[in-house]
Amino acid sequence: MTYSFELGPIRPPSEAYSLLIRATRNCPWNRCKFCPTYKGEKFQLRPVEEIKQDIRTAKIIKDKIKELSWKSGYGGRVKEIASTVVNSPPNEASRNVALWLYANGESVFLQDANSLIMRTNELAEVIRFLKETFPDIKRITSYARSKTAAKKKPDELTELRQAGLSRLHIGLESGYDPLLQYMDKGGTAAEHITGGRRVVESGISLCEYVILGLGGREMWREHATQTAKVLNEIDPDFIRVRTLAINNGMLLHDEIDNGNFIRATDEKILEEERLLIEHLECHSNYVSDHITNLLYEIEGSLPQDKGKMLALIDRFQALSQEERANFRVGRRVGIYSQLDDLYNSRKHQAVEQIIHRLSQGSNQIDEKTMYRLMGRFI
Ligand code: SF4
């Protein structure tokens with residue numbers, strides 16, 4: 001099992017069990033102030049033959065796992081062997097293939113930040129080759145930039161869908177132009193709408209990502225309302241939210257240091273999320289699947305679940321100040337996963353002890369400590 005292939009650094013949370021195939025390296029834009037992922041790395045297109053070679057290697061690893069299953073008496077069932085490889089992998093590529101097989105081996109994610117930038121015929125060739133190599137695949141997805149999607153002709157996106165591209169994950173981040181400009185996102189609300197609509201109209205499923213808290217204390221209102229407006233125009237299949245967390249690999253970190261950007265608190269960000277949800281008039285699935293989100297359980301199908309989602313925010317806001325602080329710390333240290341966990345006395349006491357320790361006995365946690373806890377997630 002010494003076979004290996006190239007992997008990029010990230011994939012969306014919903015692709016945690018996908019086979020990862022690196023179609024391009026890094027990000028062709030690489031300037032967003034809030035994004036540390038590819039900083040210092042040069043964007044590169046990969047030759048199609050090189051990508052195909054990685055796919056062939058993934059197939060060899062898959063076949064080896066299957067062969068081991070027969071030899072070990074599991075009759076070709078891969079879960080048992082896959083779980084052994086996941087726990088002690090010879091390399092990251094084998095671990096990825098094993099994890100993928102453990103989860104049924106049905107989805108593939110094409111890395112890195114914007115595979116759509118490849119020539120359409122070359123990307124389609126890679127997708128077709130994937131399907132030929134792994135006929136059981138049911139879903140092939142990738143990240144893309146709105147600007148790139150807006151530049152593709154409708155026929156090109158249709159060609160990619162017909163080849164087998166099932167879904168694109170696009171970082172909308174915000175629909176408010178001054179904020180997009182300040183963050184150096186390299187696109188406008190209008191380009192987000194054009195790119196997003198083009199994907200929806202091609203029949204490729206679309207997932208738009210929003211960063212809660214991106215407007216800081218100054219632009220939070222416009223960030224919420226204008227983002228909702230753009231999402232209403234696009235009407236994507238999924239809206240996925242994650243909350244701004246900062247580390248010192250981000251350009252935004254310097255903006256905070258020099259006072260140009262003032263971060264919003266968790267409570268302000270929930271107010272912002274309320275405003276966003278209130279203004280959404282689309283038919284998307286709203287998903288909160290990121291560890292940085294305070295209320296992980298704000299999820300649902302729009303428009304019918306809007307009331308239920310807002311009610312969760314009401315519940316949090318109706319808590320006493322002390323309980324809100326307890327919940328925030330509990331979330332940020334990974335003890336709580338949902339609001340109801342506040343009523344688990346064992347967990348509650350554990351959080352109380354952490355607060356006592358972190359605050360050196362004062363039981364008051366300042367925002368800096370809260371941000372520091374959150375920064376560990378990225
Ligand atoms: S386009 Fe995406 S990957 Fe590239 S810098 Fe911006 S957020 Fe990061």
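What you see below is based on every heavy atom in this structure, not just the backbone, and it leaves out hydrogens, waters and symmetry mates. Remember, it's 1-based here, ligands and their atoms both numbered in the order they're listed.
- At least one heavy atom of F34 sits closer than 4.0 Å to an atom of ligand 1.
- Listed by number with element, the atoms of ligand 1 under 4.0 angstrom from any heavy atom of N30 are 4 (Fe), 5 (S).
- Interface atoms of ligand 1 facing A113, defined by a heavy-atom separation under 4.0 Å, are 3 (S).
- F238 carries R240 over the face of its six-membered ring, with the cationic atom under 6.0 Å from the centre and within 45° of the normal.
- Between atom 4 (Fe) of ligand 1 and C27 there is an N/O/S contact shorter than 2.8 Å.
- L276 pairs with exactly one of T227, T225, I239 by the side chain to side chain contact (heavy atoms under 4.5 Å, CB included) rule, that one being T227.
- Counting the atoms of ligand 1 from 1 in the order shown, those under 4.0 Å from a heavy atom of R145 are 1 (S).
- Within the 4.0 Å heavy-atom shell around ligand 1 one does not find T37.
- A cation-pi arrangement is present between R263 and Y371 under the rule of less than 6.0 angstrom and at most 45 degrees off the ring axis.
- Of the protein's heavy atoms, C32 SG, 2.3 Å lies nearest to atom 6 (Fe) of ligand 1.
- Atom NZ of K66 has 12 or fewer heavy atoms from other residues, nucleotides or ligands within 6.0 Å.
- Of all the atoms in ligand 1, the ones that sit under 4.0 Å from a non-hydrogen atom of Y38 are 3 (S).
- Protein heavy atom closest to atom 2 (Fe) of ligand 1, with residue, atom name and distance, is K185 NZ, 4.1 Å.
- E323 and H348 form a side-chain donor-acceptor contact under 3.5 Å, judged by distance and modelled atom types alone.
- Only backbone heavy atoms of R31 (N, CA, C or O) come within less than 4.0 Å of ligand 1; its side chain stays farther off.
- Counting protein heavy atoms only, atom 8 (Fe) of ligand 1 is closest to C35 SG, 2.3 Å.
- Geometrically, K33 engages Y182 in a cation-pi contact, judged by NZ or CZ lying under 6.0 Å from the ring centre and within 45° of the ring axis.
- In this structure the side chain of L302 never reaches within 4.5 angstrom of the side chain of H283, judged on heavy atoms.
- Note on ring orientation: taking the six-membered ring where Trp is involved, the planes of H169 and Y209 are tilted (angle from 30° to 60°).
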